Amino acid sequence: MKRLDYLEPKNVFAFFEEICSIPHGSGNTAALGNYCVEFAKKRKLFCFQDDSGNVIIKKPASPGYETASPVILQGHLDMVLEQLPGNTLDMHHQGLVLGVDGDWLHANGTTLGGDDGIAVAYMLALLDGSYAHPPLECVFTVDEEIGLLGAEALQVSELQGRYLINLDSEEEGIFTVGCAGGLTGECRLPIKRTSQKGRIFTLTLDGLKGGHSGAEIHKERGNALKLLGRLLARLDQTLSFGLISMEGGRVENAIPSQAVISLLLDEEDENLLLDEVALYQEILRHELKASDGQVRLAVKKEETGEAQVLEPGSKALVIYLLQMLPNGVQKRSVELQGLVQTSCNLGIARISKEELTLTYSIRSSVETEKMACSDQVQLCVEFLGGTYEAHGIYPGWEYEKNSHLQEIMIEEYRRLYGKEPQVIAIHAGLECGIFSSRIPGLQCVSIGPDMQDIHSGKERLSISSTGRVWEFLLAVLKKLKD
């Protein structure tokens, strides 16, 4: 038997397990997209795949729903690849190792991809089964996690539906009806190197919780890249060292939980380095005690010899940039209590032989603030002689008060569970913004089962919540007869 055969709903978890066996990180979704195409061919369903890899599968209405308007169901094929320190799974080529802990499904030491593999599983289960529903248009987009690139490239002329249920939310009972727009900012700063002799030390900062840069940016969790940049600035005031390398973060929309720098310095300064690192670790544990109390700073002594380090001028520019670039919540909404309005996340940093590269995720529910934050990063980088490029720019999704789809979904939720759902706008980006900007009159609602710690190696998905959301989705589709 398969590991998940005993979980309910069986058809949903059967498809989810197959999805987890296929590597499908952002930029590597071809295999999963082809799996969906073959699924449709075997069932003789209409299927369209565009040049970007997006897939649309259509299923005719069930008996009695022939005159109903089509309903679009939508989720994305790609997942964020994150791992806990020490995990050796090759996520680009190997399937996930699944585990169950009570009500929670997880992958051992890696992201689970419940965001958004569960949407794919829901849609495949609907397309495979016999349920009451209007004509279905199931949309599987690529590369959502790196800037909603698939949705941006999709030709919506293939879609006739005017109701869209997005399945990319992570809290049961919460209906998302608006979201922030965003973009990805790529920074490049040229560096020069020189040869220097001494002892190499590797400094690793980890133990941070990380998480989703939209859904969890308000929790003020530590950013490993910014924290190491601050450490470099502190060390630069107390001892002489050469900076060899820096590396941290995997994707721009995940708060980096780990980063590594390599330094070269005289062996006689080793104790001073160790003292400074120990002091800084205590400072961080105090400052982050409410959000990241387990932060760690480890020093590993490497070989003695000659290494190519950054020239003093380049080192100074790198330290300045890491210190001065904005990060985290920039502004909170005055109108909607608790909503982050504008934020930026430094998600990736690499020092290669010739340049420092930094990758940002910038979000705002106010278009002009989004671009102003991007301009701030650009000005800082270009002032120091670097270059900046914004791409993957996507619009926000404005709240629509008078929505028939919302009304039906709220009524069905009340009927099934005897309570009110929460109706909210969020700071994280959703593809609904792109669809609603291109399909006139489109009504959208985003739902999903309970998940925790998405975009991190501790991600997990509630089994019981997955079942309830499935039950709710079937009830809503059954209601959409007119």
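Counting begins at 1 with the first residue of the sequence. Predicted model, so just to flag it, every value in this text is computed and none were measured.
- Remark: side-chain polar atoms of Glu17 are not paired, donor with acceptor, to backbone N or O of Phe13 under 3.5 angstrom.
- Close placement of the Tyr131 and Trp470 rings is indicated, their centers lying within 6.0 Å of each other.
- Side chain of Ser52 to main chain of Gly150: no donor-acceptor pair is present (N/O by atom type, distance under 3.5 Å, no hydrogens or angles).
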**Request:** Test Leu167 against Ile447 for side-chain contact (heavy atoms from CB on, under 4.5 Å), laying out the working first.
**Result:** CA-CA 5 Å; Leu167 299 165; Ile447 61 172; 3.8 Å; yes

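- For Glu287, the CD atom is densely surrounded, since the number of other residues' heavy atoms within 6.0 Å is greater than 12.
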Please tabulate, for side-chain N and O atoms in residues 91-100, each donor-acceptor pair with protein atoms closer than 3.5 Å (sequence neighbours left out).
unit_1, atom_1, unit_2, atom_2, d
His93, ND1, Asp90, OD1, 3.4
His93, ND1, Asp90, OD2, 2.8
Gln94, OE1, Asp90, N, 2.8

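- The side chain to side chain donor-acceptor pair (under 3.5 Å) search around Ser364 returns Thr342, not counting sequence neighbours.
- Considering only heavy atoms from C-beta on, Val80 stays 4.5 Å or farther from Arg250 through its side chain.
- For Leu149 against Ile146, the heavy-atom pair with the smallest separation is CG-O, 3.7 Å.
- Among residues two or more places apart in sequence or in another chain, the side chain to side chain contact (heavy atoms under 4.5 Å, CB included) test is passed with Glu355 by Arg188, Ser352, Thr357.
- A 4.5 Å side-chain heavy-atom check between Val251 and Leu81 finds every atom pair outside the cut-off.
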**Request:** Verify salt bridge (charged side-chain N to carboxylate O under 4.0 Å, His left out) between Arg414 and Glu411, making sure each step is shown before the conclusion.
**Result:** CA-CA 5 Å; Arg414 288 173 183 153; Glu411 288 174 4; 5.6 Å; no

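- Looking at residues two or more places apart in sequence or on another chain, you find a side chain to side chain contact (heavy atoms under 4.5 Å, CB included) between Glu367 and Lys370, Met371.
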**Message:** Run the side-chain contact (heavy atoms from CB on, under 4.5 Å) test on Leu32 and Val142 for me, step by step, so that the C-alpha distance in whole Å, both residues' side-chain angles and the decisive distance to 0.1 Å come before the verdict.
**Reply:** CA-CA 10 Å; Leu32 184 54; Val142 301; over 6 Å; no

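- Considering Leu284, Leu322, Leu297, Leu205 in turn, Leu297 is the only one that fulfils the side chain to side chain contact (heavy atoms under 4.5 Å, CB included) rule with Leu231.
- Residues Ile351 and Leu356 form a side-chain contact, since some pair of their non-hydrogen atoms from C-beta on lies under 4.5 Å apart.
- With sequence neighbours excluded, the residues that form a side chain to side chain donor-acceptor pair (under 3.5 Å) with Asp103 are Ser462, Ser464.
- Distance check: Trp104 CH2 to Met451 CE gives 10.0 Å after rounding to the nearest 0.5 Å.
- Ionic pairing of Arg332 and Glu220 is present here: one or more N-O contacts between side-chain nitrogen and carboxylate oxygen are shorter than 4.0 angstrom.
- Between Asn166 and Glu431 the shortest heavy-atom distance is ND2-OE1, 4.4 Å.
- Here side chain to side chain donor-acceptor pair (under 3.5 Å) pairs that include residues 145-156, with residues two or more places apart or in two chains, are Glu145-Asn253, Glu145-His455, Glu152-Arg438.
- Contact of the His24 side chain with the Leu77 side chain is not registered, since no non-hydrogen atoms from C-beta on lie closer than 4.5 Å.
- Within the 3.5 Å criterion, the main-chain N or O of Ala107 finds no donor-acceptor partner in the side chain of Thr110.
- Shown here are the ring pair (Phe, Tyr, Trp, His ring centres under 6.0 Å) partners of Phe472, two or more places apart in sequence or in another chain: Phe175, Tyr413.
- In the model, Tyr417 has a side-chain atom that pairs as donor or acceptor with a side-chain atom of Glu471 under 3.5 Å.
- Counting heavy atoms from C-beta outward, Pro449 and Ile118 have side chains that approach closer than 4.5 Å.
- Each of Val37, Asn34, Leu154 was scored for a side chain to side chain contact (heavy atoms under 4.5 Å, CB included) with Val55, with one residue passing: Val37.
- A donor-acceptor contact shorter than 3.5 Å is absent between the side chain of Lys226 and the backbone of Asn345.
- Smallest separation of non-hydrogen atoms from Ala180 and Ser365: CB-N, 3.8 Å.
- Side-chain contact between Pro326 and Tyr360: present, with at least one pair of heavy atoms (C-beta onward) separated by less than 4.5 Å.
- Between Arg363 and Glu369 the shortest side-chain heavy-atom distance does not fall below 4.5 Å.
- In summary, the side chains of Gln330 and Ser343 do not present any donor paired with an acceptor at a separation below 3.5 Å, with no hydrogens or angles considered.
- Among residues two or more places apart in sequence or in another chain, the side chain to side chain contact (heavy atoms under 4.5 Å, CB included) test is passed with Ala390 by Leu183, Ser374, Tyr388, Ile393.
- Side-chain contact between Tyr35 and Leu124 is present, with at least one heavy-atom pair separated by less than 4.5 Å.
- The two residues Thr141 and Phe435 come nearest to each other via the heavy atoms CG2-CZ, 4.4 Å.
- A donor-acceptor pair under 3.5 Å is absent between the side-chain atoms of Tyr65 and the main chain of Leu480, judged by distance alone.
- With 3.5 Å as the limit, one finds a donor-acceptor pair spanning the side chains of Gln443 and Ser403.
- Looking at every heavy atom in both residues, Gly147 comes nearest to Thr184 through CA-OG1, 4.4 Å.
- To the nearest 0.5 Å, atoms CG (Asp206) and OG (Ser257) are separated by 8.0 Å.
- The distance from atom SG of Cys20 to atom CG of Leu105, rounded to the nearest 0.5 Å, is 7.0 Å.
- In this structure, Thr359 contributes its side chain and Gly347 its backbone to no donor-acceptor pair below 3.5 Å.
- The salt bridge (charged side-chain N to carboxylate O under 4.0 Å, His left out) analysis of residues 39-51, with sequence neighbours excluded, yields the pairs Glu38-Lys41, Arg43-Asp128.
- Every residue two or more places apart in sequence or in another chain that forms a side chain to side chain contact (heavy atoms under 4.5 Å, CB included) with Asn28 is listed here: Pro23.
- Taken from CD1 in Ile255 to NZ in Lys209, the straight-line distance is 11.5 Å, to the nearest 0.5 Å.
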**Message:** Assess the residue pair Lys300 and Thr204 against the criterion (side-chain contact (heavy atoms from CB on, under 4.5 Å)); give the C-alpha distance rounded to whole Å, side-chain angles, the decisive distance to 0.1 Å, and a yes or no.
**Reply:** CA-CA 8 Å; Lys300 183 179 179 182; Thr204 301; over 6 Å; no

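- Atom CZ of Phe39 sits about 10.5 Å away from atom CE of Met123, to the nearest 0.5 Å.
- To the nearest 0.5 angstrom, Leu45 atom CG is 12.0 Å from Cys36 atom SG.
- Under the side chain to side chain donor-acceptor pair (under 3.5 Å) criterion, Asp78 pairs with Ser26, His76, sequence neighbours left out.
- The side chain to side chain donor-acceptor pair (under 3.5 Å) check on Lys58 picks up Gln160, with sequence neighbours excluded.
- When all heavy atoms of Leu208 and Asn223 are compared, the pair lying nearest together is CD1-C, 4.2 Å.
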